[in-house]
Student: 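Mind looking over this structure? Questions follow.
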Amino acid sequence: MKPGNGIASNILDIIKAEVAGTQTLLQRPFDRLRQGMHDIFGDGGILKEVVRPGEGPPVPRNASLIMHYSGYLEYCNQPFETTKNFKHPPMMKLGREVSLAGMELGVLTMQKGEFSRFLLQPEYAYGAIGCPPMIPASAVVLFEIHILDYFDSGQVDDFNAMSPVEQNGVPLATFLEVTGTLRSIGNRCFAKSRYDNAKGHYKQALALLGNRETQDDAEKERITAALLVVYLNLSLTELRLDSPHKALKYSNKALEIDAANTKALYRCGQAYMELGEYESAQSWLIAAQAKKPFDRDINNLLKKVAMCYKDGLDKEKDMCLKMFKHL
């Protein structure tokens, strides 16, 4: 069942059943749904039905979520709000982008992968006033929510709230967990083609790593290793954002840390390819090929560069022939 599609058909089925006389005419669609729902707090304010269970621990407070959701009014088969039209749902922060009380409290009872429905009374939804003209006064609303993934970003929030002196006093393991969470969120954004969002999270991690005052060589080595990964992430992200000059900058930063890093060499080749500097691209790719002779991506890009280089030479030759034809 796809998120955002289940409840609409369910409500319509109930309405049709009422019209056909197979249901008690006085029973409303939401009343029928209540019968299969669990009262979360015992006050009737938030009722929950698990359509498809998830796995793992429940969503933590202050989490950053990737989820699909749709909100419905009674007797309406179209949602008043939905993410189902997005190819990739947005990442939402609890308490910030997810601020509706009943929705936030409901999400905290869910697991990764879970798809559930929540029936919210007005005091947990839009209140006695509603949200005119879309949500009427004292409206009971129903939300379908599918948790695709979440990240416990509360630790990141706590760290960002510290002063620079306090941040440097945080144990290295905790500090690397914070930067690792930022990079993981960036990776998820990148996988969903949200390259600007990915870049933002990578740059946050980069700034924190760059500001860390290392205590000894062992700590410096671990920070440097983390920086290398972030530089590589940023170089690829800049390529996806059609910014080859910036991709080169981050690739060179990675090479300053590890001059033989195959990914960094390959990224330089990609960037020069995008810039149309085929000789430079070829030299960087040959250096990468020396490290991994049988890498398919490197070899395929080398072939492409060679073809582009040849086409460029042929065009220059044709242009010269036309220029000097009268001679």
Student: Going through the checks in order, is the side chain to side chain contact (heavy atoms under 4.5 Å, CB included) test met by Met273 and Tyr278?
Tutor: CA-CA 6 Å; Met273 169 76 182; Tyr278 303 123; 3.9 Å; yes

Student: Any idea how Tyr272 and Trp284 line up, ring-wise: parallel (<30°), tilted (30 to 60°), or perpendicular (>60°)?
Tutor: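 Geometry flag for Trp284 against Tyr272: parallel rings.
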
Student: Would you say that Asp43 contacts Gln121 through its side chain, given a criterion of any heavy-atom pair below 4.5 Å between the two side chains?
Tutor: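 In short, these two side chains do not touch, never coming nearer than 4.5 Å.
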
Student: With a 3.5 Å distance limit and no angle check, can you tell me whether Ser153 reaches the backbone of Asn62 through a side-chain donor-acceptor pair?
Tutor: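 Indeed, once roles are kept as given, a pair shorter than 3.5 Å links the two residues.
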
Student: Can you measure from CG (Leu227) to CD (Glu256) and round to the nearest 0.5 angstrom?
Tutor: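 So the gap between those two atoms works out to 11.0 Å.
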
Student: Of all the heavy-atom pairs spanning Ala259 and Leu265, show the shortest one and how long it is.
Tutor: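 Taking every non-hydrogen atom into account, O-CD2, 4.3 Å.
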
Student: What's the shortest heavy-atom distance between Thr83 and His68, and which atoms?
Tutor: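 Distance-wise, the nearest heavy atoms are OG1-ND1, 2.9 Å.
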
Student: Crowded around Ile129 CD1? As in, over 12 foreign heavy atoms under 6.0 Å?
Tutor: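 Atom CD1 in Ile129 is not packed in, count stays at 12 or less.
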
Student: Taking salt bridge (Lys or Arg N to Asp or Glu O under 4.0 Å) as the criterion, tell me which of Arg52, Lys84, Arg117 meets it with Glu144.
Tutor: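 With Glu144 as partner, salt bridge (Lys or Arg N to Asp or Glu O under 4.0 Å) holds for just one option, Arg117.
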
Student: Does any non-hydrogen side-chain atom of Val156 lie less than 4.5 Å from one of Phe159?
Tutor: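 No. Closest side-chain heavy atoms not under 4.5 Å.
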
Student: Just how far is it from atom CZ of Arg96 to atom CG of Asp157, taken to the nearest 0.5 Å?
Tutor: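 Spacing of CZ (Arg96) from CG (Asp157) equals 6.5 Å.
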
Student: State the CD1-CG distance between Ile66 and Asp149, to the nearest 0.5 angstrom.
Tutor: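 The CD1 atom of Ile66 sits 5.5 Å away from the CG atom of Asp149.
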
Student: Are Tyr231 and Leu248 linked, directly or through other ILVMFWY residues, by side chains that come within less than 4.5 angstrom of each other?
Tutor: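 Tyr231 does not cluster with Leu248.
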
Student: Below 4.5 Å, heavy atoms only, C-beta onward: do Thr237 and Arg240 meet side chain to side chain?
Tutor: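 Thr237 does not reach Arg240 side chain to side chain.
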
Student: Does Asp217, at its CG atom, have more than 12 non-hydrogen atoms belonging to other residues, nucleotides or ligands within less than 6.0 Å?
Tutor: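 Incorrect, the count does not exceed 12.
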
Student: Looking only at heavy atoms, which two atoms of Leu73 and Val140 are closest? And how far apart?
Tutor: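 Shortest heavy-atom contact: CD2-O, 4.4 Å.
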
Student: Should Tyr250 and Ser243 count as side-chain neighbours, where that means a heavy-atom distance under 4.5 Å?
Tutor: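 No - every pair of side-chain heavy atoms lies 4.5 Å or more apart.
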
Student: Do the side chains of Leu105 and Ile40 get nearer than 4.5 Å, heavy atoms only?
Tutor: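 Not in contact.
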
Student: Between the main-chain N or O of Met91 and the side-chain N or O of Glu97, is there a donor-acceptor pair closer than 3.5 Å?
Tutor: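 Not a single qualifying donor-acceptor pair exists.
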
Student: Starting from Ile46, can I reach Leu94 by hopping between I/L/V/M/F/W/Y residues whose side chains sit under 4.5 Å apart?
Tutor: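 Yes; Ile46 is reachable from Leu94 via cluster members.
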
Student: Kindly check if the number of other-residue, nucleotide or ligand heavy atoms within 6.0 Å of CD (Glu279) is above 12?
Tutor: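 Counting neighbours around CD of Glu279, 12 or fewer heavy atoms of other residues, nucleotides or ligands fall under 6.0 Å, so no.
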
Student: Are Leu65 and Ile185 connected, step by step, through hydrophobic side chains (Ile, Leu, Val, Met, Phe, Trp, Tyr) whose heavy atoms are closer than 4.5 Å?
Tutor: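 No: no chain of side-chain contacts under 4.5 Å links Leu65 to Ile185.
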
Student: Counting C-beta onward and ignoring hydrogens, is there a side-chain heavy-atom pair between Glu219 and Arg212 closer than 4.5 Å?
Tutor: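 They are in side-chain contact.
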
Student: Do the side-chain N and O atoms of Asn187 and Tyr202 include a donor-acceptor pair separated by under 3.5 angstrom?
Tutor: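 On atom types as modelled, these side chains qualify, holding a pair under 3.5 Å.
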
Student: Please step through side chain to side chain contact (heavy atoms under 4.5 Å, CB included) for the pair Leu285 and Tyr266, ending with a clear verdict.
Tutor: CA-CA 6 Å; Leu285 290 170; Tyr266 178 66; 3.6 Å; yes

Student: How far apart are the closest heavy atoms of Met37 and Leu33, and which atoms are they?
Tutor: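 Nearest heavy atoms, Met37 then Leu33: CG-O, 3.3 Å.
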
Student: Sub-3.5 Å donor-acceptor pair from the side chain of Glu274 to the main-chain atoms of Pro244, do we have one?
Tutor: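 It does not hold such a pair.
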
Student: Do Phe143 and Ile135 belong together in a cluster built from hydrophobic side chains that touch within less than 4.5 Å?
Tutor: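 Same cluster: Phe143 reaches Ile135 through Ile, Leu, Val, Met, Phe, Trp or Tyr contacts under 4.5 Å.
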
Student: Hey, is NZ on Lys292 packed in by over 12 heavy atoms from elsewhere, all under 6.0 Å?
Tutor: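 Open.
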
Student: For a quick test of reading the model, state the closest non-hydrogen atom pair linking Ala288 to Thr262 and the distance between them.
Tutor: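 Looks like O-CG2, 3.9 Å.
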
Student: Check whether any side-chain heavy atom of Asn252 lies under 4.5 Å from a side-chain heavy atom of Cys268, and answer yes or no.
Tutor: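 In contact.
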
Student: Rounded to the nearest 0.5 Å, how far does CG of Leu208 lie from CD1 of Ile223?
Tutor: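 Answer rounded to 0.5 Å: 10.0 Å.
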
Student: When rounded to the nearest 0.5 angstrom, what is the spacing between CD1 in Ile257 and CD in Glu221?
Tutor: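 It comes to 12.0 Å.
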
Student: Relative to each other, are the rings of Tyr124 and Phe41 parallel, tilted or perpendicular (30° and 60° limits)?
Tutor: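 Parallel.
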
Student: Go through the steps for Ile145 and Met110 under the test side chain to side chain contact (heavy atoms under 4.5 Å, CB included), then give the verdict.
Tutor: CA-CA 9 Å; Ile145 301 174; Met110 299 180 71; 3.8 Å; yes

Student: Under the side chain to side chain donor-acceptor pair (under 3.5 Å) test against Glu238, which residue among Lys246, Arg267, Lys199 passes?
Tutor: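 In the set Lys246, Arg267, Lys199, the residue that makes a side chain to side chain donor-acceptor pair (under 3.5 Å) with Glu238 is Lys199.
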
Student: Is there a ring pair (Phe, Tyr, Trp, His ring centres under 6.0 Å) between Phe190 and Tyr195? Walk through the geometry before answering.
Tutor: CA-CA 5 Å; Phe190 185 94; Tyr195 302 123; 5.1 Å; yes

Student: Using side-chain heavy atoms (C-beta onward) and a distance below 4.5 Å, is Tyr150 in contact with Pro60?
Tutor: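 Side-chain contact under 4.5 Å: yes.
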
Student: Can you tell me how far the NZ atom of Lys304 sits from the CD atom of Gln270, to the nearest 0.5 Å?
Tutor: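 Atom-to-atom, Lys304:NZ and Gln270:CD are 9.5 Å apart.
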
Student: Taking everything shown except Met134 itself, do over 12 heavy atoms lie less than 6.0 Å from its CE?
Tutor: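 At most 12 heavy atoms, drawn from other residues, nucleotides or ligands, come within 6.0 Å of this atom.
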
Student: Quick check on the hydrophobic clustering: are Val107 and Leu148 connected, directly or via other members, by side-chain heavy-atom contacts under 4.5 Å?
Tutor: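 No, it is not one cluster - the side chains of Val107 and Leu148 are not joined through contacts under 4.5 Å.
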
Student: Tell me whether Lys93 at atom NZ has more than 12 heavy atoms from other residues, nucleotides or ligands lying less than 6.0 Å away.
Tutor: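 Result for NZ/Lys93: enclosed.
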
Student: Between Gln215 and Glu213, is there a donor-acceptor pair closer than 3.5 Å when you use the side chain of the first and the backbone of the second?
Tutor: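 Checking the backbone N and O of Glu213 against the side chain of Gln215, a donor-acceptor pair under 3.5 Å is found.
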
Student: Carefully, step by step, assess Phe175 and Gln167 under the rule side chain to side chain contact (heavy atoms under 4.5 Å, CB included).
Tutor: CA-CA 8 Å; Phe175 173 77; Gln167 288 180 349; over 6 Å; no

Student: Of all the heavy-atom pairs spanning Asn261 and Leu255, show the shortest one and how long it is.
Tutor: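 Smallest interatomic distance, heavy atoms only, reads O-CD2, 4.1 Å.
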
